[in-house]
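Beneath this line is the structure, given in structure tokens, with notes to follow.
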Amino acid sequence: MAVIKKVLLQAVTIIAAFILHTSIFPRLSFNGIIPNVLLLVTVFSSFQQGLNTGMVTGVSCGLLCDVFYGSFLGVYGMFYLLIGFFTGSMAHFFYKDELVFPVVIIAISDLLYNFVMYVTNFLLRGRFDFQAYFQSVILPELVYTLVLAILSLPFIALLNRRARRVHIEEKEANVGNAERFVEKNT
């Protein structure tokens, strides 16, 4: 039952992030720049919940982007999968309450994401002005995404503490049920 709750909560989180990314934040854009909310969800979930959840979240977010934005199916999915893999594999070296690491990973991931978008959408089409693209797209999106990440950190930390508390309570309840079962049958 706990696994079903976890999967449903993750699915709702991904869908809510996608709705925010496609409908709310475009109205709050600065010169057409919006924060990468799906990147935030991928990094935070892989950091807090581990490698497998991060990879599944990354693929899900990426495939949503592929279906609605992409020219080729799988490009965004692969990129977000790699972000989930990298963050999830590095997460066990850090405390879950430490929130500097996810912010650094968000910054690096956003830079890489926008560089890949530059290469695939501009450089391959003969547009070579990287400095203009960096100043008008990459840097503003990086700042906007980092501001949103920093503002959302207290909320995410609160949710993670609550999730850990529920997980511990479920484990204690299961141990108590197992002990009562053993006592009853002996």
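All values reported here derive from a predicted model rather than from experimental measurement.
- Contact between Thr42 and Cys61 at its shortest, heavy atoms only, is OG1-SG, 3.8 Å.
- Note that CD of Gln49 is 4.5 Å distant from CD of Gln10, once rounded to the nearest 0.5 Å.
- Residues Phe115 and Leu111 form no side-chain contact, since every pair of their non-hydrogen atoms from C-beta on lies 4.5 Å or further apart.
- Applying the ring pair (Phe, Tyr, Trp, His ring centres under 6.0 Å) test to Phe18 and every residue at least two apart in sequence or in another chain returns Phe68.
- Annotation: the span from Ile83 atom CD1 to Ser46 atom OG amounts to 9.0 Å, rounded to 0.5 Å.
- Distance CD1/Ile14 to CG/Leu38: 8.5 Å, rounded to 0.5 Å.
- The shortest distance between side-chain heavy atoms of Lys5 and Leu9 does not fall below 4.5 Å.
- The side-chain heavy atoms of Phe25 and Val37, taken from C-beta on, include a pair separated by under 4.5 Å.
- In this structure, OH in Tyr76 is found 12.5 Å from CG in Leu39, a value given to the nearest 0.5 Å.
- The hydrophobic cluster around Ile15 extends to Ile19, counting ILVMFWY residues whose side-chain heavy atoms fall within less than 4.5 Å of a member.
- Looking at heavy atoms from C-beta onward, Met78 lies in side-chain contact with Leu81 at the 4.5 angstrom threshold.
- Closest heavy-atom contact between Asp66 and Gly77: OD2-N, 3.0 Å.
- Applying the side-chain hydrogen bond (donor to acceptor under 3.5 Å, both in side chains) definition to pairs two or more places apart or across chains, none involves residues 20-33.
- Legend: residues meeting ring pair (Phe, Tyr, Trp, His ring centres under 6.0 Å) with Tyr118, ordered by chain and number and at least two apart, are Phe130, Tyr133.
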Just distance, no hydrogens or angles: give the donor-acceptor pairs under 3.5 Å from side chains in residues 136-159, sequence neighbours left out.
| from | atom 1 | to | atom 2 | distance (Å) |
| --- | --- | --- | --- | --- |
| Ser136 | OG | Ala132 | O | 2.7 |
| Glu141 | OE2 | Asn114 | ND2 | 3.4 |
| Tyr144 | OH | Leu28 | O | 2.7 |
| Thr145 | OG1 | Asn36 | N | 3.1 |
| Thr145 | OG1 | Glu141 | O | 2.8 |
| Ser152 | OG | Leu148 | O | 3.0 |
| Ser152 | OG | Ala149 | O | 3.0 |

N/O donor to acceptor pairs below 3.5 angstrom from side-chain atoms of residues 100-109, sequence neighbours left out:
| from | atom 1 | to | atom 2 | distance (Å) |
| --- | --- | --- | --- | --- |
| Ser109 | OG | Ile105 | O | 2.7 |

